[in-house]
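Quick note: numbers below take in every heavy atom, side chains included, and nothing from hydrogens, waters or symmetry partners.
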Amino acid sequence: MLGPHENEPFPLALMQYAYWVGRDSSQHLAGVAAHFYHEFDRPQIDAARLESAVRQLLARHGMLRVVILDEGQQQVLEEGRWPGLKAYDLRQETAETATLRLEAIRAALSHRQLSIDQGEVFDVRLTHKPASLGGGCRLHFNLDMIAADAMSLRVLLDDLAVLYLESQQPLPALDLSYRQYQQLRSVWLQEPQQQTRYAEDKQWWLARLADLPGAPILPTASSDKLNANQTVVRRHRWFGASARQQLEAKAREHQLTLPMMITAAFAEVLAQFSDEEDFILNLPLFNREQLHPNVSALVGDFTSSVLLAWQGSKPGSFLERAQRLQQQFRQDAAHAHFSGVEVLREATRLRGQQQFAPVVFTSALGLGELFSERVQQAFGQPGWIVSQGPQVWLDAQITELNQGILVNWDAREASFAPDMLDLMFGQFIDLLEALIASEQVWQQQVKSALPSAQQAVRQRANATEVPLPEECLHSAFFRLAKQQPEAPALFGAHQTLSYGEVSEQARRLVAHLQNQGVQPGELVAIALPKGPEQIIAVLGVLANGAAWLPLNHLQPEHRINAILQNAGVKHVIHQLPDNAQLPAPAAVSSGDPKQLAYVIYTSGSTGTLKGVEISHLAAKNTIDDLNRRYPMGDRMRTLAVSALSFDLAIYDIFAPLSVGGRWYVLRMRSGVMPSAGWRLGSP
């Protein structure tokens, strides 16, 4: 018995909310609905009986009458908004005209955005085909995933088939609604055991965030096309019952589940095209908590997700890498109380820019046949299928169909480089077939799918090995200062300094640091605003053989103190003096490139301060590489817009000053430039 509050608003589930936000076209890779579209072809369908069955289905499942409210809530309406069965009658059309009409209907319906704010989440339509195209009827089935997930799709189709075929036999009554299920689940999640598990899973994922890779970086179309064309194109291959049995046997033989075997094959193919060998895949999970006997008969969204990391940079045979992936999945799935959507949110906070997982692998194995015998008896053979979702580039899916396995890729065609998806999908299918046919394929590394010409281009692009730097980050500057002391180096708001002048002031600072007891390898904090004085301080600290720690003087005092305490800093440079107040210039320490150059503290979004240590070797290797790629020499100019506490500032400073270029600071607001006089002392 459904409760009296059934038609009151209630919150969207986590994945529903993500689908809702993803409809906003201003979001990256968004502006589309999460949407199923299916076509069935049958010699004859009774339109009146079908319409009656659909209306009974709407009455049975409240989520087919749901409206999505502006506040991120949902409300089940008393009456559905379905207008009735719309039919397209093409029986009098020529074959050519009917074909064009059928293509137009498919194009309009398959990527349709149902008006979920008006209670439109489900639609069924019918087309009568002409005899010249074989006659019969085509059923068009639309479902927005915000109302129903993949398992719910099977429930709907089965219920609709029963209501159509056995109209006089009512389905067993449901005494549980999706709204009531969500209420039961909310109470269940508040239990101490579930609260503890959620907290533990959250902490487990937070600890992994720093090392969690990003999405695959695949060859894309031009940037203006990424959001311009949202059309999803399906590529598919059906493995019949015999091939399915062979795949299952091979997986068992190698201690793998069939979904993980196919996931590994998918990841291997992606790795051959991705710029990064390590990446994450987005795996939906279908979680119906059995809190009531009728849960399995409900329609709604019960999905969660897990982010699965593929470690493609680690060597190994296909079997070794697949087994490693399966072990990772088992660990990840064991901590799925903190979902992939929540992990992406935390990663966004940590990294300062929105994180996505746009490559999805969906396994529906174990959910039963996509279209049961009863569904096919009622509505005919499935003829054309596609699905799409917001913030998804590519969704690879495996599902049970006609005793076999349907493998398909739904991809935003226009987002990818021309012909690339065909090449990738062909390699994917070839790999699955090879895994059936040959044990040798399991025991060796997966061979490249790229044509020889493309492999040659990639090899040339990756031929970047050069000797590592043998000197420190500051060495080139001081060498240039001896060779061209009059050359301009730093331009501030009120002063211009040559290489020689900067070198002299930095070396005088070295002498003062030594007088203050600053030892080589020690960490010295720099709390100066952007300007030439800041660069002189950096060069002076390095020339002393010490390392610097940048402090953002605009940050709260409690955070600065926490950083200083955490880093164990004894000395802070707050101001620089006039040159005359410093002792005579000291010699420049050549140092060891493997020594520490600087430490930068992260944003601390995880709640714990973390200092990132960078050696001279690591920083200079990057600077030298960029200067080789963009060889501007003494013509290089950089504008000082990056804070010293941001890694990009290292390029701003040392890229030009290593090749005889110049560094400019924007004119500062009045009162921001430091006054004369300086202080070196305890924090």
Side-chain angles (χ1 to χ4, degrees), residues 1-2 6 36-66 76-89 121-129 135-144 147-178 180-181 288 290 292-300 302 364 366-385 399-403 406:
M1 184 74 179
L2 301 185
E6 186 61 25
F36 291 116
Y37 174 74
H38 298 156
E39 291 178 357
F40 299 88
D41 290 296
R42 194 177 189 277
Q44 183 59 42
I45 291 180
D46 185 322
R49 202 162 84 187
L50 175 62
E51 178 163 356
S52 175
V54 172
R55 293 199 181 281
Q56 292 179 67
L57 190 72
L58 287 163
R60 177 176 177 80
H61 295 293
M63 288 302 289
L64 299 185
R65 309 189 305 274
V66 73
V76 174
L77 304 176
E78 286 278 3
E79 299 290 335
R81 299 282 177 84
W82 188 59
L85 185 66
K86 182 173 182 177
Y88 306 95
D89 193 346
V121 295
F122 172 73
D123 189 29
V124 175
R125 297 187 181 187
L126 191 64
T127 296
H128 300 281
K129 298 186 294 182
C137 298
R138 173 167 293 173
L139 183 70
H140 309 270
F141 185 92
N142 276 277
L143 178 65
D144 197 295
D149 59 16
M151 187 63 205
S152 299
L153 171 66
R154 290 161 171 76
V155 172
L156 283 176
L157 288 170
D158 264 11
D159 283 359
L160 184 61
V162 170
L163 293 169
Y164 177 79
L165 294 172
E166 305 168 21
S167 56
Q168 303 306 315
Q169 297 292 328
L171 288 165
L174 292 175
D175 59 354
L176 179 73
S177 70
Y178 179 70
Q180 290 173 325
Y181 168 84
R288 291 184 181 228
Q290 297 304 310
H292 187 280
N294 281 155
V295 168
S296 60
L298 287 182
V299 165
F302 302 85
L367 298 187
E369 287 278 335
L370 178 57
F371 308 117
S372 67
E373 290 184 11
R374 185 160 46 194
V375 170
Q376 295 188 50
Q377 178 189 355
F379 307 123
Q381 292 295 315
W384 201 83
I385 311 166
T399 191
E400 300 172 31
L401 180 64
N402 295 338
Q403 310 306 313
L406 178 66

When rounded to the nearest 0.5 angstrom, what is the spacing between [atom1] in [X] and [atom2] in [Y]?
X	Y	atom1	atom2	result
L298	M151	CG	CE	11.0 Å
L58	M63	CG	CE	13.0 Å
L401	S372	CG	OG	11.0 Å

Next item on the list: Mind checking ring pair (Phe, Tyr, Trp, His ring centres under 6.0 Å) for Y88 and listing every partner two or more places apart, or none if nothing turns up?
Entry: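 In terms of ring pair (Phe, Tyr, Trp, His ring centres under 6.0 Å), with neighbours along the sequence ignored, Y88 is linked to no residue.
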Checklist line | With H38 via ring pair (Phe, Tyr, Trp, His ring centres under 6.0 Å) - residues at least two apart | finding: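 So H38 forms a ring pair (Phe, Tyr, Trp, His ring centres under 6.0 Å) with F371.
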The criterion is salt bridge (Lys or Arg N to Asp or Glu O under 4.0 Å); which residues satisfy it with [X], sequence neighbours excluded?
X	answer
R65	none
R125	D123
R49	none
D89	R91

Check: Is there a donor-acceptor contact under 3.5 Å from the side chain of Q44 to the main chain of R42?
Finding: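 No, Q44 side chain to R42 backbone: no donor-acceptor pair under 3.5 Å.
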Notebook entry, point to check: Are the side chain of S152 and the backbone of G300 linked by a donor-acceptor contact shorter than 3.5 Å?
Noted result: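 Flag set: sc S152 to bb G300 pair under 3.5 Å.
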So, using side-chain hydrogen bond (donor to acceptor under 3.5 Å, both in side chains) as the criterion, who are the partners of [X] when residues are at least two apart?
X	answer
R374	none
H140	Y37, T127
N294	none
R55	E51

Provide the closest heavy-atom pair for [X] versus [Y] in the form atom of the first, atom of the second, distance.
X	Y	value
V155	A297	CG1-O, 3.5 Å
E400	L367	OE2-N, 4.0 Å
L163	A53	CD1-O, 3.6 Å
L160	L57	N-CD1, 3.9 Å
L85	V124	CD1-O, 3.4 Å
Y164	D46	OH-N, 2.8 Å

Note to self: side-chain contact (heavy atoms from CB on, under 4.5 Å), that's the test. Do R288 and D149 meet it? Break it down for me.
What the structure shows: CA-CA 11 Å; R288 291 184 181 228; D149 59 16; 3.8 Å; yes
Next item on the list: With the side chain counted from C-beta on, respond yes when V299 and D159 share a heavy-atom pair under 4.5 Å apart, and no when they do not.
Entry: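 They are not in side-chain contact.
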Notebook entry, point to check: Does CD belonging to Q290 count more than 12 external heavy atoms closer than 6.0 Å?
Noted result: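 Yes, because the 6.0 Å sphere around CD of Q290 holds more than 12 heavy atoms from other groups.
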Next item on the list: Write out all pairs satisfying side-chain hydrogen bond (donor to acceptor under 3.5 Å, both in side chains) with one or both partners inside residues 165-174, taking only residues at least two apart or from two chains.
Entry: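 Non-adjacent pairs meeting side-chain hydrogen bond (donor to acceptor under 3.5 Å, both in side chains): zero.
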Next item on the list: Apply side-chain contact (heavy atoms from CB on, under 4.5 Å) to L64 and L156, showing your working.
Entry: CA-CA 10 Å; L64 299 185; L156 283 176; 3.6 Å; yes
Margin query: Under the criterion side-chain contact (heavy atoms from CB on, under 4.5 Å), I'd like the reasoning laid out for E369 against V375: C-alpha separation, chi angles, the key distance, then a yes or no.
Written below: CA-CA 10 Å; E369 287 278 335; V375 170; over 6 Å; no
Next item on the list: Under the side-chain contact (heavy atoms from CB on, under 4.5 Å) rule, what do L157 and L370 come out as? Steps first, then yes or no, please.
Entry: CA-CA 9 Å; L157 288 170; L370 178 57; 5.7 Å; no
Would you be so kind as to tabulate the donor-acceptor pairs closer than 3.5 Å made by side chains of residues 377-385, with sequence neighbours excluded?
from, atom 1, to, atom 2, distance (Å)
Q381, NE2, Q376, OE1, 3.2

